[in-house]
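For reference, the structure discussed in these notes is given below.
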Amino acid sequence: MSYITSKNLQESDKEIFDILENELDRQSDHLEMIASENFTSPAIMQAMGSVFTNKYAEGYPAKRYYGGCEEADKVEQLAIDRACEIFKCTYANVQPHSGSQANGAVYAALLKAGDKILGMDLSHGGHLTHGSKPSFSGKNYSAFYYGVELDGRINYDKVLEIAKIVRPKIIVCGASAYAREIDFKKFREIANEVGAILFADIAHIAGLVAADLHVSPFPHAHVVTTTTHKTLRGPRGGMIMTNDEDISKKINSAIFPGLQGGPLIHIIAAKAVAFKEILDPAWKKYAQQVINNTKVLADVLMQRGYDIVSGGSDNHLILVSFLNKDFSGKQADSALGNAGITVNMNTVPGETRSPFVTSGIRIGSPALTARGMKEKEFEIIANKICDILDDIDNTRLQEAIKKELKVLAQDFIIYNKSTY
Ligand SMILES: *Cc1c(COP(=O)(O)O)cnc(C)c1O
């Protein structure tokens, strides 16, 4: 058999081909404002869809359990070197299949079952893997939580108080829905005071850290994880970094053979391509634009009477609270969705509704910024968001805005047709 004359996807699997086309249209016509999503470049997708999907490379560069890994070694080493250059650290493991896998490996490397961890409460903006009950992190370890105050900010004195009572082995900092800068230095002081390891999960803010637009977790955190597909704009995956040789060895064993088998070398190749994009001077402009666009969103919504948790944002996202409104986060999410604006409902400080309904939404700027939208477009979109929320049951208005925004989206084409 040879694939030389084989059919392309359109001919060999029309069902999947059509779904891919529809998804490309959906991503092009809608305004993607989910704070954890982004658009990778075609170069990154090319690496992801490459022959490396065929290759087993269990182990690490120059220490593999399979033959034929010469090219895989080069790819993984480049990804590691570029990651260390971006985050100015000594060791990087680029094999985690996802952010959750990366976090699982940190715990597996540094904890025994039942050990105590202290992380940010999921309903206050933390992540499932920071000790939440339905997650392995809440099941296998003894999890305790800190949260935010009613002003939407972490109170570091309170974190210290809790840490002194709990005496955790690991303190997890980093969040999925927190609009303010995270003070890694203060977290390290807290960790030092109670003898804990500081673990920073920068999944959401890594792209800003890479541009020096958010303080770095280094040198404060003992170990750092991130996803590569959020603000880093790379392929879906995870990564773990440290400056501590002993921790790096434990992490490597925890990933393989601890939790994973063969690394996804095609995804690692794509991570390397993404890291090269991040090392380009243009990255800083992108990251700065992400922050500028978020500020416009926050300002317009506040001017129009909406309550922004913590009164603004330092990063790529805002949390809008509807505690003082007669509609829920779920209703807002659905109304905006009808108008082609994709966001997600989110709990807010002082939450009164269930996590399935919530009193807030989270809105992010990274994806639309990747399409080239700037302050002018964000001002238009922010006003449309307010128009919809002001008259939340007006489905006619939602349809009309959807048409207008589709025209706006078409001025910011992100992919050619047939880019999958
Ligand atoms: C998204 C996220 C993760 C998990 O990433 P997945 O790739 O979805 O597993 C972990 N931590 C934080 C803070 C996140 O926001």
Side-chain angles (χ1 to χ4, degrees), residues 23-24 26-28 30-50 75 78-80 82-87 92 94 96-99 102 174 176 201-214 216-217 224-241 264 266-294 297 313 315-317 342-344 362-374 377-378 409 412-416 419-420:
E23 175 63 8
L24 180 62
R26 189 194 67 79
Q27 292 191 12
S28 304
H30 290 70
L31 294 184
E32 183 50 72
M33 302 191 86
I34 294 178
S36 51
E37 294 196 8
N38 215 328
F39 294 109
T40 62
S41 68
I44 291 170
M45 283 195 261
Q46 197 179 344
M48 273 194 270
S50 70
V75 158
L78 264 177
I80 291 168
R82 289 175 183 172
C84 290
E85 190 180 344
I86 292 168
F87 292 100
V94 295
H97 300 337
S98 72
S176 299
D201 175 352
I202 60 168
H204 258 265
I205 53 171
L208 308 179
V209 172
D212 290 323
L213 295 172
H214 186 293
S216 172
V224 176
T225 63
T226 183
T227 55
T228 48
H229 50 276
K230 297 181 183 173
T231 51
L232 282 181
R233 220 175 63 190
R236 192 159 290 280
M239 172 160 78
I240 310 172
M241 295 166 286
L264 312 176
H266 56 308
I267 300 298
I268 292 173
K271 286 174 182 171
V273 177
F275 297 158
K276 184 162 183 192
E277 289 179 12
I278 293 162
L279 285 165
D280 189 282
W283 184 261
K284 193 150 185 157
K285 278 177 98 177
Y286 166 69
Q288 185 63 58
Q289 194 64 53
V290 164
I291 291 176
N292 296 350
N293 289 346
T294 312
L297 263 181
S313 171
N315 58 27
H316 62 298
L317 65 82
T342 316
V343 300
N344 62 279
R362 186 183 71 162
I363 316 181
S365 68
L368 292 187
T369 307
R371 291 182 75 154
M373 293 191 191
K374 295 200 165 74
E377 289 76 33
F378 272 79
F412 293 87
I413 303 262
I414 180 82
Y415 297 123
N416 286 325
T419 301
Y420 306 117

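Numbers here simply count residues along the sequence, with the first being 1.
Atoms CD1 and CG, from I86 and D212 in turn, are 11.5 Å apart once rounded to the nearest 0.5 Å. Distance CZ/R236 to NZ/K230: 8.5 Å, rounded to 0.5 Å. Going from atom CG of L232 over to atom NZ of K271 covers 10.5 Å, rounded to the nearest 0.5 Å. Residue H316 holds its NE2 atom at 8.0 Å from OG of S36, rounded to the nearest 0.5 Å. Annotation: the span from R362 atom CZ to M33 atom CE amounts to 12.5 Å, rounded to 0.5 Å. Taking CG of L317 as the reference point, atom OG of S176 lies at 9.5 Å (rounded to 0.5 Å).
Of the listed residues (N315, L208, T369), just one forms a side chain to side chain contact (heavy atoms under 4.5 Å, CB included) with I291, and that residue is L208.
Checked by atom type and distance alone, the side chain of T231 pairs as donor or acceptor with a backbone atom of H204 at under 3.5 Å. A distance-only check finds a donor-acceptor pair linking the side chain of W283 to the backbone of G207 [under 3.5 Å]. Of the possible polar contacts, one joining the Y286 side chain to the P366 backbone as a donor-acceptor pair under 3.5 Å is found. Panel note: side chain R371, backbone S28; a donor-acceptor pair is recorded below 3.5 Å. Between the side chain of H266 and the backbone N or O of G49, no donor-acceptor pair lies under 3.5 Å. Side chain of R233 to backbone of N38: no donor-acceptor contact under 3.5 angstrom is found. Side chain of T228 to main chain of G237: a donor-acceptor pair is present (N/O by atom type, distance under 3.5 Å, no hydrogens or angles).
Between L279 and E85 the shortest side-chain heavy-atom distance falls below 4.5 Å. At a threshold of 4.5 Å between non-hydrogen side-chain atoms, the residues F87 and I202 count as touching. Using a 4.5 Å heavy-atom cutoff, the side chains of M241 and T226 are in contact. When side chains are defined from C-beta on, Q288 counts as touching L213, because their heavy atoms get closer than 4.5 Å. Contact of the T342 side chain with the E37 side chain is not registered, since no non-hydrogen atoms from C-beta on lie closer than 4.5 Å. In this structure, L368 and E377 have side chains that are not in contact, with every pair of non-hydrogen atoms separated by 4.5 Å or more. Using a 4.5 Å heavy-atom cutoff, the side chains of K276 and R82 are in contact.
For the residue pair I414 and A370, the shortest heavy atom distance occurs at CD1-O, 3.7 Å. Here the closest non-hydrogen pair linking T227 and A203 is OG1-O, 3.2 Å. Nearest heavy-atom pair across L31 and A409 is CD2-CB, 4.0 Å. Nearest heavy atom pair, residue A269 against residue A47, reads C-CB, 4.0 Å. When all heavy atoms of M48 and P235 are compared, the pair lying nearest together is SD-CB, 3.7 Å. The two residues T294 and S365 have their closest heavy-atom pair at OG1-OG, 2.9 Å.
With sequence neighbours left out, the side chain to side chain donor-acceptor pair (under 3.5 Å) criterion links S41 to E277. In this structure T40 satisfies the side chain to side chain donor-acceptor pair (under 3.5 Å) test with no other residue, sequence neighbours excluded.
No more than 12 heavy-atom neighbours from other residues, nucleotides or ligands sit within 6.0 angstrom of CG on N416. For E23, the CD atom counts as densely surrounded, since its 6.0 Å shell holds more than 12 non-hydrogen atoms of other residues, nucleotides or ligands.
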Please evaluate residues K374 and Q289 with respect to the criterion side chain to side chain contact (heavy atoms under 4.5 Å, CB included), reporting the C-alpha separation (whole Å), side-chain torsions for both, the decisive distance (0.1 Å), and the verdict. CA-CA 7 Å; K374 295 200 165 74; Q289 194 64 53; 3.7 Å; yes
